[in-house]
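Notes follow the structure.
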Amino acid sequence: NAGVTQTPKFQVLKTGQSMTLQCAQDMNHNSMYWYRQDPGMGLRLIYYSASEGTTDKGEVPNGYNVSRLNKREFSLRLESAAPSQTSVYFCASSYGYTGTGIQPQHFGDGTRLSIL
Amino acid sequence: RKEVEQDPGPFNVPEGATVAFNCTYSNSASQSFFWYRQDCRKEPKLLMSVYSSGNEDGRFTAQLNRASQYISLLIRDSKLSDSATYLCVVTSGGSNYKLTFGKGTLLTVNP
């Protein structure tokens with residue numbers, strides 16, 4: 001019962017370095033999401049993929065890129081890391097929108113990223 | 001007005017107490033509503049969906065008031081394990097796929 005798996009769980013980067021956060025789900029969900037969570041700010045949506053082959057910007061997309069590799073995997077890339085991107089990153093997935101409305105999201109256990 | 005607003009708390013209650021959280025939302029077209037809980041340094045986890053007629057899951061009761069645009073969560077007979085941050089979650093305006101999370105209400109249940 002893996003659910004949503006994120007790697008790595010912790011990472012320290014230097015300013016200007018790049019890295020990719022990986023996310024995979026095994027629940028056959030259609031939609032996938034990337035959030036960041038900062039103290040006092042709550043969860044903020046970075047990018048999402050409503051279905052395989054589509055991606056859209058969320059509330060705070062600047063400095064990030066995403067790839068929906070297939071139905072299971074959705075990666076988040078920081079091309080040139082900045083200290084302001086120090087945060088906890090959560091990946092989530094859901095069935096998306098169905099006839100009964102938008103379905104709840106299920107979260108991975110997060111990646112704690114520090115940028116020095 | 002923010003999309004989703006919650007009283008940040010903290011709420012400190014003794015074991016066995018009943019506690020209620022309210023949440024207001026700004027988008028009158030929102031269709032789906034949820035309560036999540038988040039333990040310290042952990043991921044958010046779905047507590048329950050909120051249905052128009054109200055719904056109950058054990059000690060937890062959720063209510064939706066569309067006219068006043070608020071949802072509530074009632075916890076009866078609080079347990080130490082209920083200590084967590086409770087997040088109010090609402091469908092984002094203009095999208096059938098996005099959710100907006102409130103900043104959460106911190107609950108501490110004391111022995």
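Letters A, B, ... are given to chains in the order of the sequence lines, protein chains preceding strands, and every chain is numbered from 1.
- Interface residue A/Gln37: only side-chain heavy atoms are found under 4.5 Å from chain B.
- Interface residue A/Arg112: only side-chain heavy atoms are found under 4.5 Å from chain B.
- Using a 4.5 Å cut-off between heavy atoms, B/Leu46 touches chain A through its side chain atoms alone.
- Using cut-offs of 30° and 60° on the angle between ring planes, the pair A/Phe90 and A/Phe107 is perpendicular.
- Note: A/Leu43 leads A/Val4, A/Asn30, A/Val88, A/Leu43 in heavy-atom pairs under 4.5 Å with chain B.
- Between A/Arg72 and A/Asp26, none of the side-chain N atoms (NZ, or NE/NH1/NH2) sits under 4.0 Å from a carboxylate O, so this pair counts as no salt bridge.
- Residues of residues 101-110 of chain B lying under 4.5 angstrom from chain A, judged on non-hydrogen atoms, are B/Phe101, B/Lys103 in numerical order.
- Using a 4.0 Å cut-off between charged nitrogen and carboxylate oxygen, B/Glu43 and B/Arg37 do not count as a salt-bridge pair.
- Ranked by heavy-atom pairs under 4.5 Å with chain A, the list B/Pro44, B/Ser32, B/Ser49 is led by B/Pro44.
- Among the candidates A/Ala50, A/Gly110, A/Ser94, A/Ala92, the residue making the largest number of heavy-atom pairs closer than 4.5 Å to chain B is A/Ala50.
- With sequence neighbours left out, B/Phe11 forms a ring pair (Phe, Tyr, Trp, His ring centres under 6.0 Å) with B/Phe21.
- Salt bridge annotation for B/Lys45-B/Asp39: absent, with no cationic side-chain nitrogen under 4.0 angstrom from a carboxylate oxygen.
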Kindly indicate, with the supporting measurements, whether the criterion ring-ring contact (aromatic ring centres under 6.0 Å, His included) is fulfilled by A/Phe74 and A/Tyr48. CA-CA 9 Å; A/Phe74 189 39; A/Tyr48 70 103; 8.8 Å; no
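- Between the side chains of A/Tyr47 and A/Glu59, no donor N or O sits under 3.5 Å from an acceptor N or O.
- Taking the charged nitrogens against the carboxylate oxygens, B/Lys98 and A/Asp56 have no contact shorter than 4.0 Å, which rules out a salt bridge.
- For the 3.5 Å distance criterion, the side chains of B/Thr24 and B/Gln69 fail to qualify, holding no donor opposite an acceptor.
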